[in-house]
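Only this structure's heavy atoms are used, side chains among them; waters, hydrogens and symmetry mates stay out. Residue numbering restarts at 1 for every chain, and letters A, B, ... go by the order of the sequence lines.
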Protein chains: 2
Amino acid sequence: MKNGRTYAEIIDRLRQAGLRPTRQRIALAGLMYSGGDRHLSAEILHGEALRARVPVSLATVYNSLHQFTARGLLREIVIDGGRSYFDTNVSDHHHFYFENEGRLEDIPAEDVVVAALPKAPGRTRISRVDVIVRVRED
Amino acid sequence: MKNGRTYAEIIDRLRQAGLRPTRQRIALAGLMYSGGDRHLSAEILHGEALRARVPVSLATVYNSLHQFTARGLLREIVIDGGRSYFDTNVSDHHHFYFENEGRLEDIPAEDVVVAALPKAPGRTRISRVDVIVRVRED
DNA sequence: AAATTACATTAGAAGCTTTCTAAATTATTG
DNA sequence: CAATAATTTAGAAAGCTTCTAATGTAATTT
Ligand SMILES: [Mn+2]
Ligand SMILES: [Mn+2]
Ligand SMILES: [Zn+2]
Ligand SMILES: [Zn+2]
């Protein structure tokens, strides 16, 4: 089911993505891909790394998150409050955003049907369609 | 067509929203609602105000944008880069986001058909559904 | 396996947008 | 006009992200 859980698998994934499998990247990838699909902030991942006794700087966490995103291993989502979330689920899907908690939750692609879309203007092309269902407990 | 363009109309709108029509709010509202639907950042609106010889502090621009948003006169959109945009179009519609330029453009509500949505989890209710069509020039 | 080269990590500073603070000003009410 | 409540403001502070340039590590070459 889950990909890239073992040490060797993680190293493979990094190499395939053109990233040197450094101690820090291996540890971060290991944490990211443990425990299902996640929506991680840099701060959270950094905290988890330190707790797991992997001393890594916040700068490296940011570097790694962006490199993983550029290589399609993560997807970046910015909702609110100037904080980025990095989604370990890079397949086609959408999101609930809990306004009270500031938390994201996946919506499976098949639960949202976008039946019509305008065509991309000018010489642009659609790179992604994000559907964010904002919910609150009032 | 456009609402709240004249001085008296703007004052009325502010009063109806429960906001004292101060020199600064009147000027900001006047700028915001001139020239059709807009997606404004605080910085841009502040710049326009200064250019129009309305000395107003950036703090007041932020205060006003948030007050207008809380009263339904604006809608806040956060896409990327930790910068908020305030949309003068508060009717039901969606957005193109030009990834190259960092610019938003309206999509009329009828051009996007969301034919199915999951129900809101737990005791939450849907407060808004945002569809963002990200486009890029290659 | 040492040397070389290219790439990665780091601490701390800096950047940028947004919010806060508390003092001064202005609008409204009586 | 006086009293009161709301608003504005400069500047500081906060919060997240990026940059810098020095140091460290992985990969490649000899
Ligand atoms: Mn980013
Ligand atoms: Mn805001
Ligand atoms: Zn997700
Ligand atoms: Zn809009």
Separation of [N] [atom2] from [X] [atom1] (nearest whole Å):
X	N	atom1	atom2	answer
Leu58(A)	dA8(C)	CG	C1'	16 Å
Leu19(A)	dT9(C)	CG	C1'	14 Å
Tyr62(B)	dT19(C)	OH	C1'	9 Å
Arg71(A)	dA8(C)	CZ	C1'	12 Å
Arg83(B)	dC16(C)	CZ	P	10 Å
Ile11(B)	dA27(C)	CD1	P	11 Å
His66(A)	dA8(C)	NE2	P	16 Å
Tyr85(B)	dT17(C)	OH	P	10 Å

Residues touching DNA chain C, which here means a heavy atom under 4.0 Å, drawn from residues 38-56 of chain B: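 Close to the strand, none.
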Of Asn63(B) and Arg15(B), the one whose closest DNA chain C nucleotide lies more 5':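 It is Asn63(B), whose closest nucleotide lies nearer the 5' terminus.
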Ignoring hydrogens and angles, tell me if any N or O in the side chain of [X] forms a donor-acceptor pair with the backbone of [Y] under 3.5 Å.
X	Y	value
Asp106(B)	Pro108(B)	no
His46(B)	Val56(B)	yes
Arg15(A)	Pro21(A)	no
Arg125(A)	Ala120(A)	no
Thr88(B)	Tyr33(B)	no

With clusters built from Ile, Leu, Val, Met, Phe, Trp and Tyr whose side-chain heavy atoms come within less than 4.5 Å, directly or transitively, what are the remaining members of the cluster of [X], listed by chain and number?
X	result
Tyr97(B)	Ile77(A), Ile79(A), Tyr85(A), Tyr97(A), Leu104(A), Ile132(A), Ile77(B), Ile79(B), Tyr85(B), Leu104(B), Ile132(B)
Val54(B)	none
Val78(A)	Val78(B)
Ile107(A)	Phe96(A), Phe98(A), Val112(A), Val114(A), Leu117(A), Ile126(A), Val129(A), Val131(A), Val133(A), Val135(A), Phe96(B), Phe98(B), Ile107(B), Val112(B), Val114(B), Leu117(B), Ile126(B), Val129(B), Val131(B), Val133(B), Val135(B)

For DNA chain D, note the earliest and the latest nucleotide, 5' to 3', having some atom under 4.0 Å of a heavy atom belonging to chain B.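 With heavy atoms of chain B under 4.0 Å away, the range is dA5(D) to dA10(D).
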Take Met32(A) and Leu65(A) through the side-chain contact (heavy atoms from CB on, under 4.5 Å) test and state the conclusion after the steps. CA-CA 10 Å; Met32(A) 278 169 18; Leu65(A) 288 171; 4.2 Å; yes
Residues Glu99(B), Ser127(A); criterion side chain to side chain donor-acceptor pair (under 3.5 Å); working and verdict: CA-CA 9 Å; Glu99(B) 293 178 335; Ser127(A) 70; 3.1 Å; yes
Report whether Leu19(B) and Tyr7(B) are members of the same hydrophobic cluster (ILVMFWY, side-chain heavy atoms less than 4.5 Å apart, transitive linking).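 Same hydrophobic cluster.
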Grab the N/O contacts between the protein and nucleotides 13-15 of chain C below 3.5 Å, and write none if there aren't any.
none

Do Asp87(A) and His93(A) have side-chain heavy atoms sitting under 4.5 Å apart?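 Yes; the side chains approach each other to less than 4.5 Å.
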Proximity to DNA chain D (any heavy atom under 4.0 Å), residues of residues 20-28 of chain B only: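 Result for residues 20-28 of chain B: Arg20(B), Thr22(B), Gln24(B), Arg25(B), sorted by number.
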Show me the dot-bracket string of DNA chain C, counting Watson-Crick or G-U pairs under 3.5 Å, with | for pairs to another strand and [ ] for crossing ones. ||||||||||||||||||||||||||||||
Partner residues of Glu101(B) under the salt bridge (Lys or Arg N to Asp or Glu O under 4.0 Å) criterion, sequence neighbours left out: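 Partners of Glu101(B) by the salt bridge (Lys or Arg N to Asp or Glu O under 4.0 Å) criterion, ordered by chain and then number, come out as Arg103(B).
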State which residues pass side chain to side chain donor-acceptor pair (under 3.5 Å) with Glu48(A); sequence neighbours excluded, sorted by chain then number.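 So Glu48(A) forms a side chain to side chain donor-acceptor pair (under 3.5 Å) with Arg38(A).
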With Arg23(A) via side chain to side chain contact (heavy atoms under 4.5 Å, CB included) - residues at least two apart: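 Arg23(A): no side chain to side chain contact (heavy atoms under 4.5 Å, CB included) contacts found.
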